Student: 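Sharing a structure with you now.
All of these numbers come straight from a predicted model, not from anything done at the bench. Any value given below was found using the heavy atoms of this structure, including those in side chains, with hydrogens, waters and symmetry copies removed.
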Amino acid sequence: RLPPLGKTPAPQTLMALTKPRFEESPLEAPEAFRKALGVWFSKDGKDFPWRRTSDPYAILVSEMMLQQTRVATVLGKGYYTRFLAEFPDVGALAAADDTRLLKAWEGLGYYRRARMLRDAASAVLDIHRGVFPSGEKELLALPGIGPYTAAALLSFSFGKPSALVDGNVSRVLSRLMDDPATIDSAATIKQHRKWALSLCNSEDPRRHHYAMMELGQTICRPGSPLCEMCPVTRFCKAREPENLPVKKKAPAVTKITEYAIWCRDATGRILLHCESGSRRKGLWKLPLRSAESCSALKMIFDTTYPITRYKVHLKVHEAETEPPANGEEWIAPERLGSLPVAAPFRKALNRLLSDF
């Protein structure tokens with residue numbers, strides 16, 4: 001039904017007017033769905049370096065990096081190519097110490113991923129003599145590898161059909177099936193994996209899954225999808241795709257403040273602290289102090305950064321020379337380039353070294 005003359009349709013009405021009509025379910029016409037998707041991907045699919053290889057190690061590195069990190073960051077800042085140059089195979093990665101490993105990962109965040117990647121490399125080396133297993137059960141037994149990563153390796157490295165579902169694919173499936181179920185629930189995840197396996201092209205699962213992922217990244221994107229440009233729109237049941245998928249309410253963001261000190265000795269060395277906690281173990285940062293101890297000190301730098309459900313306001317204060325506390329050490333400026341430093345503290349150090 002068209003809106004009355006002289007009135008601007010609401011966004012939902014515009015979507016209803018431009019959303020092409022559903023014709024058949026992809027589950028009932030899987031070959032036609034795969035063909036339409038494949039033709040589109042052959043023409044418009046992007047070229048990423050991990051799509052040019054079937055090496056399971058290189059693909060595992062890319063999958064670990066792309067968890068919770070955008071493609072533009074992994075590629076644009078050269079993380080993927082630098083990491084593989086530094087650690088070209090499982091043997092090189094398994095032998096890496098924490099400093100080299102975390103330095104290569106610096107800036108990507110979620111540093112636990114780097115350690116799990118090294119643990120997986122060690123397991124492949126020790127248990128499988130350096131050769132990645134090609135079975136789902138054996139892949140899932142490797143440290144840090146869950147159902148998604150195992151499915152990615154099965155299809156991208158070994159050419160086997162798999163139930164590969166990431167956030168982009170799950171959004172596509174929710175809209176294709178007009179599925180109102182909460183996307184984060186265990187039941188929905190199980191159902192989406194079942195649908196993904198049913199739709200998977202057994203003759204070329206690698207190409208099929210890359211196409212599904214890219215469809216979610218570029219066309220069936222979050223918010224308002226580009227339905228009029230979608231190659232599989234006739235298979236999509238959703239009448240209001242902008243309202244799908246349904247997600248659990250995100251936890252509230254908690255604001256916190258960190259107080260750090262900028263302290264140099266007579267030789268120009270900087271007082272730094274090496275983290276021992278599980279989140280940033282092995283990373284260096286400016287020493288943190290209490291708000292009270294910094295209240296009389298001059299603030300010389302501040303920035304904000306997000307971490308999980310927190311928004312952190314980092315304030316750095318100029319302090320007099322003091323003895324190192326537990327975990328702290330005087331570091332010469334020329335050593336900073338070789339030490340792994342968490343991104344917000346690297347930003348602070350770069351600025352302060354240029355100003356002081």
Student: In Å, rounded to the nearest 0.5 Å, how long is the span from OG of Ser155 to CG of Leu164?
Tutor: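 Going from the OG atom of Ser155 to the CG atom of Leu164 covers 6.0 Å.
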Student: Between Asp179 and Lys237, is the closest basic N to carboxylate O distance under 4.0 Å?
Tutor: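 Here Lys237 does not pair with Asp179 in a salt bridge, since their nearest N and O are not under 4.0 Å apart.
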Student: Please step through side chain to side chain contact (heavy atoms under 4.5 Å, CB included) for the pair Arg171 and Arg175, ending with a clear verdict.
Tutor: CA-CA 6 Å; Arg171 181 170 56 257; Arg175 290 168 172 172; 3.7 Å; yes
Student: Are Leu244 and Met177 linked, directly or through other ILVMFWY residues, by side chains that come within less than 4.5 angstrom of each other?
Tutor: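 No, separate clusters.
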Student: Can you see whether Arg351 engages Thr303 through a side-chain donor-acceptor pair at a distance of less than 3.5 angstrom?
Tutor: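 Arg351 vs Thr303: no donor-acceptor pair found between side chains.
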Student: Taking the cut-offs as 6.0 angstrom to the six-membered ring centre and 45 degrees off its axis, would you call Arg82 and Tyr79 a cation-pi pair?
Tutor: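 That pair qualifies as a cation-pi contact.
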Student: Honestly curious: do Ile189 and Leu176 fall in one hydrophobic cluster under the side-chain, below-4.5 Å linking rule?
Tutor: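 Result: no, two separate clusters.
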Student: Which atom pair, heavy atoms only, marks the closest approach of Ala291 to Tyr259?
Tutor: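 That would be CB-CE1, 3.4 Å.
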Student: Should the pair Asp178-Arg239 be classified as a salt bridge under the 4.0 Å nitrogen-to-oxygen rule?
Tutor: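 Here Asp178 does not pair with Arg239 in a salt bridge, since their nearest N and O are not under 4.0 Å apart.
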Student: Which atom names give the shortest non-hydrogen contact between Ala123 and Pro143, and what distance separates them?
Tutor: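 Distance-wise, the nearest heavy atoms are CB-CD, 3.7 Å.
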Student: Could you check whether the rings of Phe41 and Tyr210 sit parallel, tilted or perpendicular, using 30° and 60° as the cut-offs?
Tutor: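 Ring orientation, 0 to 90° scale: parallel.
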Student: So, taking the atom named CG in Asp166 and the one named NE2 in His192, what distance separates them when rounded to the nearest 0.5 Å?
Tutor: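 These two atoms lie 12.5 Å from each other.
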Student: Please say yes or no: joined through hydrophobic side-chain contacts below 4.5 Å, possibly via intermediate residues, are Phe48 and Tyr80 part of one cluster?
Tutor: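 Yes, same cluster.
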Student: Testing Arg118, Lys281, Lys103 for salt bridge (Lys or Arg N to Asp or Glu O under 4.0 Å) with Asp98, which one passes?
Tutor: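 Testing each of Arg118, Lys281, Lys103 against Asp98, the sole residue satisfying salt bridge (Lys or Arg N to Asp or Glu O under 4.0 Å) is Arg118.
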Student: With no hydrogens and no angle check, just 3.5 Å: does a side-chain donor-acceptor pair link Thr267 and Asp265?
Tutor: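 On atom types as modelled, these side chains qualify, holding a pair under 3.5 Å.
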Student: Is there a chain of hydrophobic side chains (I, L, V, M, F, W, Y, each step under 4.5 Å between heavy atoms) that links Leu226 to Val172?
Tutor: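 Leu226 clusters together with Val172.
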Student: Of Thr304, Thr257, Asp302, which meets side-chain hydrogen bond (donor to acceptor under 3.5 Å, both in side chains) against His313?
Tutor: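 So the option named by the test is Asp302.
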Student: Consider salt bridge (Lys or Arg N to Asp or Glu O under 4.0 Å). Of Arg335, Arg269, Lys285, which one does Glu329 pass it with?
Tutor: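 Testing Glu329 for a salt bridge (Lys or Arg N to Asp or Glu O under 4.0 Å) against Arg335, Arg269, Lys285 leaves exactly one candidate, Arg335.
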Student: Restricting to non-hydrogen atoms, name the atom on Leu286 and the atom on Phe345 that form the minimum distance, rounded to 0.1 Å.
Tutor: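 It is N-CD2, 3.5 Å.
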Student: Are Leu108 and Leu75 in one and the same hydrophobic cluster, where Ile, Leu, Val, Met, Phe, Trp and Tyr link if side-chain heavy atoms are under 4.5 Å apart?
Tutor: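 Same cluster: Leu108 reaches Leu75 through Ile, Leu, Val, Met, Phe, Trp or Tyr contacts under 4.5 Å.
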